[in-house]
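Scroll down for the structure; my scribbles are underneath it.
The structure displayed is predicted, hence computed values, not measured ones.
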Number of protein chains: 2
Amino acid sequence: MAKFKKIFSFILRLLSLAATVVAIVVMVRSRDSTQVLNLTFTAKYSNTPAFKYFVIAEAIASVYTIIVILLILCSESLLGRLIVILDMVITVLLSTSITAALAIAQVGKKGNSHAGWLPICGQVPKFCDQVTVSLICGFVAAVFYFVLLLISLHAVLSPIFAVKP
Amino acid sequence: MAKFKKIFSFILRLLSLAATVVAIVVMVRSRDSTQVLNLTFTAKYSNTPAFKYFVIAEAIASVYTIIVILLILCSESLLGRLIVILDMVITVLLSTSITAALAIAQVGKKGNSHAGWLPICGQVPKFCDQVTVSLICGFVAAVFYFVLLLISLHAVLSPIFAVKP
């Protein structure tokens, strides 16, 4: 059972690494142009602080995941308990990066008539599609990390429902 | 030491409850009006999905904190380990609510010239100030919960840096 858990955690880390890398690549390569009155405007992720934060957070998570995978391959138990704390920090980092980017993406898609912010996805649909794919990958990575954290916590906390007799 | 930790955790829960309640009250009461071409526009939190999510998340955290405080007062050890998991969920919830609201508040303050979104804080400064106060309270609550979680985890994980001899 412990062996199965370890292999499952390892696969989850590999999958979340793949998800964060794809999220970064798609977000960084996302761009689309539109012409307004003979002027060309290009939409790209670096124009929006929330998207920049998203890329930085996913990059930190990727580097962390690579380090942990290497550590696991080298030694099985080294700093095992510190990793639970760091996994928690990375889970929070990934979750916040998704919601910040999602909040802006929602304005990009629907606009906010009260604030006078018009939706831009009609003008730059390719950009919006790429951002959506990137956010989905980021969300998947965050879910993987959450499951990973629950597994780690389960190992150290079980039995969870222990009640004094 | 364990007694001190318990009292400290209890105080942290009370403080985070106060912070989330203040965040909700200030956010819900935040409004400001501006006149454009004889038409009056009112800025309020419910016009923005990210701010609505913020209020809902802070409300869930408040209710959860009240329940946990009552549980702690009634019984000291009941579901102690489940609370660590739930604390984690609440920490993630609070963190994401802050960043989503912050992403929108940043556009409200600075605008986004690339997307053609103008800043609105010049027109509705009172609203922006109130939202800022609410976000600070939410941030304080999230930090309290993070510390709370570290204390809980420390109790079950220590010694963190245990390395096999």
Side-chain angles (χ1 to χ4, degrees), chain A residues 36 41-44 46-51 53 75-82 84-85 88-89 91-108 110-120 123-124 142 146 149-150 153-154 156-164, chain B residues 36 41-44 46-51 53 75-82 84-85 88-89 91-108 110-120 123-124 142 146 149-150 153-154 156-164:
Chain A
V36 180
F41 290 96
T42 302
K44 51 188 179 192
S46 55
N47 293 340
T48 307
F51 291 166
Y53 172 62
S75 148
E76 284 203 8
S77 65
L78 191 70
L79 298 179
R81 289 164 176 205
L82 179 63
V84 179
I85 305 271
M88 198 185 75
V89 174
T91 306
V92 171
L93 191 71
L94 285 176
S95 312
T96 55
S97 76
I98 300 287
T99 43
L102 205 61
I104 297 299
Q106 194 270 343
V107 178
K110 303 267 178 185
N112 188 325
S113 56
H114 308 281
W117 301 334
L118 297 174
I120 59 160
Q123 277 77 51
V124 284
F146 200 80
L149 195 55
L150 285 182
L153 281 179
H154 183 258
V156 290
L157 294 181
S158 64
I160 290 175
F161 294 93
V163 179
K164 276 187 181 172
Chain B
V36 180
F41 289 97
T42 303
K44 51 187 179 194
S46 54
N47 293 339
T48 307
F51 291 166
Y53 172 62
S75 150
E76 283 203 10
S77 66
L78 191 69
L79 298 178
R81 291 166 175 202
L82 179 63
V84 179
I85 304 270
M88 198 186 75
V89 174
T91 307
V92 170
L93 191 71
L94 286 176
S95 313
T96 55
S97 76
I98 299 287
T99 42
L102 205 62
I104 297 298
Q106 193 270 342
V107 177
K110 304 267 179 185
N112 188 324
S113 57
H114 306 281
W117 300 335
L118 297 174
I120 60 160
Q123 276 79 49
V124 284
F146 200 80
L149 196 54
L150 285 182
L153 281 178
H154 183 258
V156 291
L157 293 181
S158 64
I160 289 177
F161 294 94
V163 180
K164 275 188 179 172

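- Among A:Pro49, A:Ala43, A:Gly116, the residue making the largest number of heavy-atom pairs under 4.5 Å with chain B is A:Pro49.
- Highest contact tally toward chain B, considering only A:Ser113, A:Gly111, A:Ala103, A:Ala101, is held by A:Ala103 [criterion: heavy-atom pairs under 4.5 Å].
- Looking at A:Ile98, there are no atoms closer than 4.5 Å to chain B (heavy atoms on both sides), in backbone or side chain.
- Residues passing the side-chain contact (heavy atoms from CB on, under 4.5 Å) test with A:Thr48, sequence neighbours excluded: A:Ala50, A:Phe51, A:Ile104, B:Asn112.
- A 4.5 Å side-chain heavy-atom check between A:Tyr53 and A:Thr96 finds at least one atom pair inside the cut-off.
- Using a 3.5 Å distance cut-off with no hydrogens or angles, the side chains of A:Thr99 and B:Thr99 do pair a donor with an acceptor.
- When the options A:Thr91, A:Leu150, A:Val92 are evaluated for a side chain to side chain contact (heavy atoms under 4.5 Å, CB included) with B:Met88, the one that passes is A:Leu150.
- The candidate from B:Ala100, B:Ala142, B:Ser95 with the greatest count of non-hydrogen atom pairs under 4.5 Å with chain A is B:Ala100.
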